[in-house]
Amino acid sequence: MNLGYIKLYRKVTSSFVWTNSDMFKLWILCLMKASHEDRKFLFNGQEVRLTSGQFVTGAHAIAKEYNEGVPSDKAIAWRTLWRWLKKFENEELLTIQSNARYSVITIKNWSDYQSSDKPLTSDGQSGDKPLTTYKNDKNDKNEKNNNITSKKSKKRIYSDDDPNKKLAVLLFKLIQKNQNIKEPDLDKWANTIRLTIESDKRTGKEVQDMIVWATSNDFWSGVILSATSLRKHFDKMLAQKNKRKQQSVSDEELPETGEEW
């Protein structure tokens, strides 16, 4: 792997990858493997051309890199690692293009997050200021801009007895059964659920049923970690739910919000 550095944005702490240290390690490995520039090289005897933000790997190849130096009893199986990569793809962190010999993984929005601000000298500093000083100045400017934005935007507050807020609380409690996550901004979740109902033309009962189904499904319980991901994957989950024709659960067994939908 080439020497150098990557940028790591603080907002990663609010991502689902932050809740699992092994999964977070895989995401960092992907960022470190991604090419910073267009290039070509040989992989398994075949020439591969890459653009910035891409890297070539295979299920067994990435498992070998991931588990290097790790005791065998703590190594992560290649099947698990590849399932996590597919989850990254479902959450639109990256894309995977595979053929019979290898897979090309592309980090989404790479140029937005990893482009160089200033050229570095051989000692790792920019021509006129140390890199750390420049970064701090830039962060201060970003914080000021964020403060201006926050003053302009008015956040919608939902009461505890609001149906949308109750669904947001239900979603959070059911996610907590599967994932160790911090309590989110429930007003923001409630607003997303309101949009799911009003803009996407769904009923409150449909959203409630989907929350219960998704958080109990073996696959979707690891994907639906917020109201945003619920809304994003709603159509896909609904099609899968209908296709499998799962047995209906009685109203008495469903977690209730107390609302008459």
Side-chain angles (χ1 to χ4, degrees), residues 9-20 23 27 84 86-94 108-109 146 149-261:
Y9 278 62
R10 292 185 179 93
K11 67 179 181 180
V12 72
T13 58
S14 62
S15 170
F16 71 93
V17 297
W18 186 256
T19 64
N20 184 314
M23 194 179 293
W27 174 240
W84 289 349
K86 297 299 291 184
K87 183 175 181 179
F88 292 171
E89 185 176 38
N90 288 333
E91 289 296 319
E92 298 187 343
L93 298 179
L94 50 78
K108 300 197 71 172
N109 301 321
N146 289 337
T149 302
S150 62
K151 290 179 181 178
K152 291 181 180 179
S153 59
K154 292 184 178 180
K155 178 182 176 182
R156 182 165 180 172
I157 304 300
Y158 292 80
S159 62
D160 291 340
D161 60 352
D162 184 277
N164 300 297
K165 184 70 167 286
K166 289 185 176 182
L167 287 175
V169 172
L170 172 64
L171 176 60
F172 171 57
K173 288 183 176 179
L174 293 182
I175 290 174
Q176 268 194 321
K177 292 183 178 181
N178 304 315
Q179 304 284 342
N180 182 22
I181 64 171
K182 297 179 181 179
E183 182 171 329
D185 185 338
L186 291 174
D187 287 315
K188 185 176 180 180
W189 280 28
N191 194 59
T192 300
I193 289 175
R194 178 185 63 81
L195 293 173
T196 304
I197 294 173
E198 295 179 1
S199 299
D200 301 345
K201 308 300 181 184
R202 309 189 190 282
T203 67
K205 187 65 166 61
E206 287 175 330
V207 174
Q208 176 179 293
D209 290 346
M210 185 58 72
I211 288 174
V212 174
W213 182 86
T215 53
S216 62
N217 181 273
D218 290 340
F219 173 76
W220 289 109
S221 61
V223 176
I224 305 305
L225 302 177
S226 68
T228 299
S229 57
L230 176 75
R231 184 186 183 193
K232 173 183 175 183
H233 297 292
F234 203 102
D235 287 333
K236 188 182 296 184
M237 291 190 295
L238 184 61
Q240 188 178 120
K241 180 172 178 285
N242 292 337
K243 183 178 180 180
R244 292 185 178 182
K245 296 182 180 179
Q246 294 185 343
Q247 184 178 3
S248 298
V249 182
S250 65
D251 292 339
E252 291 75 17
E253 295 174 326
L254 290 176
E256 290 291 342
T257 62
E259 292 301 315
E260 294 292 338
W261 297 110

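Numbers here simply count residues along the sequence, with the first being 1. Just so you know, these numbers use all the heavy atoms, side chains as well, and skip hydrogens, waters and symmetry mates.
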Do you know which two heavy atoms are closest between [X] and [Y], and how far apart they sit?
X: Ala168; Y: Ala190; result: CB-N, 3.8 Å
X: Trp27; Y: Leu94; result: CZ3-CD2, 4.0 Å
X: Ser199; Y: Arg231; result: CB-NH2, 3.8 Å
X: Lys165; Y: Leu186; result: CE-CB, 3.6 Å
X: Ile211; Y: Leu174; result: CG2-CD1, 3.9 Å
X: Lys182; Y: Phe172; result: O-CE1, 3.7 Å

Dump the intermediate steps for salt bridge (charged side-chain N to carboxylate O under 4.0 Å, His left out) on Lys205 and Asp209, then the final yes or no. CA-CA 6 Å; Lys205 187 65 166 61; Asp209 290 346; 3.0 Å; yes
Rounded to the nearest 0.5 Å, what's the gap from [atom1] on [X] to [atom2] on [Y]? Could you check?
X: Trp84; Y: Glu91; atom1: CH2; atom2: CD; answer: 15.0 Å
X: Gln208; Y: Lys166; atom1: CD; atom2: NZ; answer: 10.5 Å
X: Leu171; Y: Ser226; atom1: CG; atom2: OG; answer: 7.5 Å
X: Ile157; Y: Asn191; atom1: CD1; atom2: CG; answer: 10.0 Å
X: Thr215; Y: Lys177; atom1: OG1; atom2: NZ; answer: 8.0 Å
X: Ile181; Y: Thr19; atom1: CD1; atom2: OG1; answer: 8.0 Å

In the structure I gave you, are the side-chain heavy atoms of Val17 and Leu93 within less than 4.5 Å of one another anywhere?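 The answer is yes, as the side chains (C-beta and beyond) meet within the 4.5 Å cut-off.
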Validation row: Met23, Phe88 side chains within 4.5 angstrom (heavy atoms):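 SC-SC contact between Met23 and Phe88 confirmed.
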Can you spot which of Asn217, Leu230, Asn242 makes a side chain to side chain contact (heavy atoms under 4.5 Å, CB included) with Met237?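 Exactly one pass, corresponding to Leu230.
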Check the pair Phe16 / Lys87 against side chain to side chain contact (heavy atoms under 4.5 Å, CB included), numbers first and verdict last. CA-CA 10 Å; Phe16 71 93; Lys87 183 175 181 179; 3.7 Å; yes
Any side-chain to backbone donor/acceptor pair from [X] onto [Y]? Under 3.5 Å, distance only.
X: Thr192; Y: Lys188; answer: yes
X: Asp187; Y: Tyr158; answer: yes
X: Asp200; Y: Arg202; answer: no

Look at the rings of Trp220 and His233 and say which category their plane angle falls in: under 30° parallel, 30 to 60° tilted, over 60° perpendicular.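 Tilted.
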Name all residues meeting the ring pair (Phe, Tyr, Trp, His ring centres under 6.0 Å) criterion together with Trp189; count only those two or more places apart in sequence or in a different chain, and write none if there are none.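 For Trp189 there are no ring pair (Phe, Tyr, Trp, His ring centres under 6.0 Å) partners, ignoring immediate neighbours.
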